[in-house]
Number of protein chains: 2
Amino acid sequence: MPRTTDGDGTPVPQRLLAAATRLFAERGYDRTSVQEIVEAAGVTKGALYHYFGSKDDLLHEVYARVLRLQQDRLDTFADADEPVEKRLRDAAADVVVTTIDNLDDASIFFRSMHHLSPEKNRQVRAERRRYHERFRALVEEGQQSGVFTKEIPADLVVDYHFGSIHHLSTWYRPDGPLSPQELADHLADLLLRALRP
Amino acid sequence: MPRTTDGDGTPVPQRLLAAATRLFAERGYDRTSVQEIVEAAGVTKGALYHYFGSKDDLLHEVYARVLRLQQDRLDTFADADEPVEKRLRDAAADVVVTTIDNLDDASIFFRSMHHLSPEKNRQVRAERRRYHERFRALVEEGQQSGVFTKEIPADLVVDYHFGSIHHLSTWYRPDGPLSPQELADHLADLLLRALRP
DNA sequence: CAGCACATACCGACTGGTTAGTCTGTCGTC
DNA sequence: GACGACAGACTAACCAGTCGGTATGTGCTG
């Protein structure tokens, strides 16, 4: 096989994806030209269109990666052998930490959904919904067993929490007073406090 | 004075602003061409550049309008002669209702900040901060007087709540099961519940 | 009150610049 | 010699903003 890497050891497709992620997060999808992406990755357009069908396709890959990661992590926490309060708290805190670890992904995720083609948009929404459902199931389980209040619809609680996650990429600063873990604990605490009967 | 309106009685600048708001919310700032805006408003480019300095300027006007409205409403509720829990609850619920009433504005607000020129961006951020501060002051007042928990930094609580507001334009559907007021009450309730000592 | 000066409110063709995607060709490897 | 992995010039489309021009109303002046 001819060379797949160049200079450093990272394969070209991954280099392209990394460059695109950074640039999309920095200046937005539409403001980032394909030319800039390939230059940042140290290749040319030929390489990009060899591996990806379109610019839109590149964006879709960013989404796929994030979705896969978050879903895996949620499944791990939700399946744990712990009381439901702890499972929810752990899952809620983990998504905060993971989001902060990948702030670029997060800002792209919520800011650029509408730049995906309608078909890919539907696909991403569907996967997102699965994620949401899983989270909601945890809340409902706690409501059934009486450890959480039934006053508030579970759906709404989930959207409330993810709203704040979404917002993180807008206001979180790595040089702020709180470490990612401290912040995550606080946010998970807010959620659990709101759910007290 | 020559005609300022045409067909219907609405003045041209307002027609342009309304058309731009709808289109920006629908397909995003970059995906909306100036040509589309003027066509939707029933005028031509000459008219747009007669009233606005640039496309960016048009976006800025959308921001200015929203900021003014929200700040006025917050001031009203925060200055009321009521206990702090009620003032915070009313303000928190009101911003939800107002946001739902202007969902287009909301999706533009959070999605298109980075399309503003650096200078206008700074301006909007500064005004936004004033708003945030006012809201935070309410939380802190309640923490001082002991009706809210001091466990969680007030800043964080405010960002938590506004995260969910921000997110509204993503998931709220007018044909959903909850009326705007019901939803607002629930979200305000979540906030106040989380703040219980 | 006629008529001239001037301003405001637009119109729409044009320009300079940018961009996603294509396509032909080259090079190294199996 | 066939094929995968690119290079890079090229194209067709689009788009923000400009600019010279027109139309309509207002105010001043003789």
Side-chain angles (χ1 to χ4, degrees), chain A residues 1-21 23-24 26-62 108 112 114-121, chain B residues 1-21 23-24 26-62 108 112 114-121:
Chain A
M1 212 195 302
R3 89 206 117 108
T4 325
T5 70
D6 196 55
D8 59 28
T10 323
V12 169
Q14 287 176 41
R15 288 222 310 275
L16 283 165
L17 215 51
T21 303
L23 289 166
F24 288 164
E26 206 170 276
R27 29 190 127 167
Y29 179 78
D30 278 322
R31 301 278 171 112
T32 304
S33 73
V34 169
Q35 193 59 40
E36 287 170 324
I37 297 171
V38 297
E39 268 166 28
V43 292
T44 62
K45 282 194 180 185
L48 193 153
Y49 284 97
H50 180 69
Y51 290 109
F52 300 94
S54 62
K55 186 184 174 187
D56 174 273
D57 215 45
L58 204 52
L59 180 61
H60 183 66
E61 280 303 315
V62 176
I108 296 173
S112 304
H114 60 299
H115 289 136
L116 285 169
S117 69
E119 186 208 351
K120 289 187 186 120
N121 200 307
Chain B
M1 217 195 298
R3 91 204 114 107
T4 324
T5 69
D6 195 56
D8 58 28
T10 323
V12 169
Q14 287 176 42
R15 289 223 309 277
L16 282 165
L17 216 50
T21 303
L23 288 167
F24 288 164
E26 207 169 275
R27 26 189 130 166
Y29 179 77
D30 278 322
R31 301 279 173 109
T32 305
S33 73
V34 168
Q35 193 58 40
E36 286 170 326
I37 297 171
V38 298
E39 269 166 29
V43 292
T44 62
K45 282 194 181 182
L48 192 152
Y49 284 96
H50 180 70
Y51 290 108
F52 300 94
S54 62
K55 187 185 174 187
D56 174 274
D57 214 45
L58 204 52
L59 179 61
H60 183 67
E61 280 303 314
V62 176
I108 295 172
S112 303
H114 59 300
H115 290 136
L116 284 169
S117 69
E119 187 208 350
K120 287 185 187 124
N121 200 307

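Hydrogens, waters and symmetry mates are skipped; everything else that's a heavy atom, side chains included, is used. All chains are named by letter (A, B, ...) in the order of the sequence lines, taking the proteins before the strands, and each is independently numbered beginning at 1.
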Discussion item. Please give me the minimum heavy-atom distance between B:Leu23 and B:Glu36, naming the atom from each residue.
Written reply: CD1-O, 3.8 Å

Worksheet item: Do A:Lys45 side-chain and C:dG21 base share a donor-acceptor contact under 3.5 Å?
Response: yes

Item to complete: Report yes if at least one side-chain N or O of A:Tyr51 is closer than 4.0 Å to OP1 or OP2 of D:dG4; otherwise report no.
Response: no

Practice prompt. Mind calculating the distance between NE2 (B:His50) and C1' (D:dG21) to the nearest angstrom?
Written response: 15 Å

Worksheet item: B:Leu16 has an atom CG; how far is it from atom P of D:dA16, in whole Å?
Response: 14 Å

Worksheet, complete the sentence: Scanning both residues in full, the closest heavy-atom pair of B:Ile37 with B:Thr32 reads CG1-CG2, 3.6 Å

Worksheet item: Of the non-hydrogen atoms in A:His114 and A:Asn121, which two are nearest, and what is the gap between them?
Response: CA-ND2, 4.0 Å

Worksheet item: Regarding B:Lys55 and the six-membered ring of B:Phe24, is the cationic atom NZ or CZ under 6.0 Å from the ring centre and inside 45° of its axis?
Response: no

Item to complete: Using whole Å, report how far NZ of B:Lys55 lies from P of C:dG17.
Response: 19 Å

Worksheet item: Between A:Gly46 and B:Val43, which is nearer to the 5' end of DNA chain C once each is assigned its nearest nucleotide?
Response: B:Val43

Discussion item. What is the separation between atom CG on B:Leu59 and atom C1' on D:dG17, rounded to the nearest whole Å?
Written reply: 17 Å

Response to the item:
Of the listed D:dC6, C:dG21, C:dC11, the closest approach to the A:Val12 side chain comes from D:dC6

Fill in: Sugar-phosphate only, base, or nothing, as touched by B:Thr44 at under 4.0 Å among non-hydrogen atoms
base

Worksheet item: What are the two closest heavy atoms between A:Tyr49 and A:Ser54, and how far apart are they?
Response: CE2-CA, 3.9 Å

Worksheet entry | Length of the line joining A:His115:NE2 and C:dA20:P, which is rounded to integer Å | 12 Å

Item to complete: Would you mind reading off the distance between A:Tyr49 atom OH and C:dT24 atom C1', rounded to a whole angstrom?
Response: 17 Å

Practice prompt. Let me know the distance between CD of B:Gln35 and P of D:dA13, rounded to the nearest Å.
Written response: 18 Å

Discussion item. Could you tell me how far apart A:Leu48 (CG) and C:dC23 (P) are, to the nearest whole angstrom?
Written reply: 17 Å

Worksheet item: Which of the following nucleotides, C:dC10, C:dA20, D:dA16, is nearest to the side chain of B:Val34?
Response: D:dA16

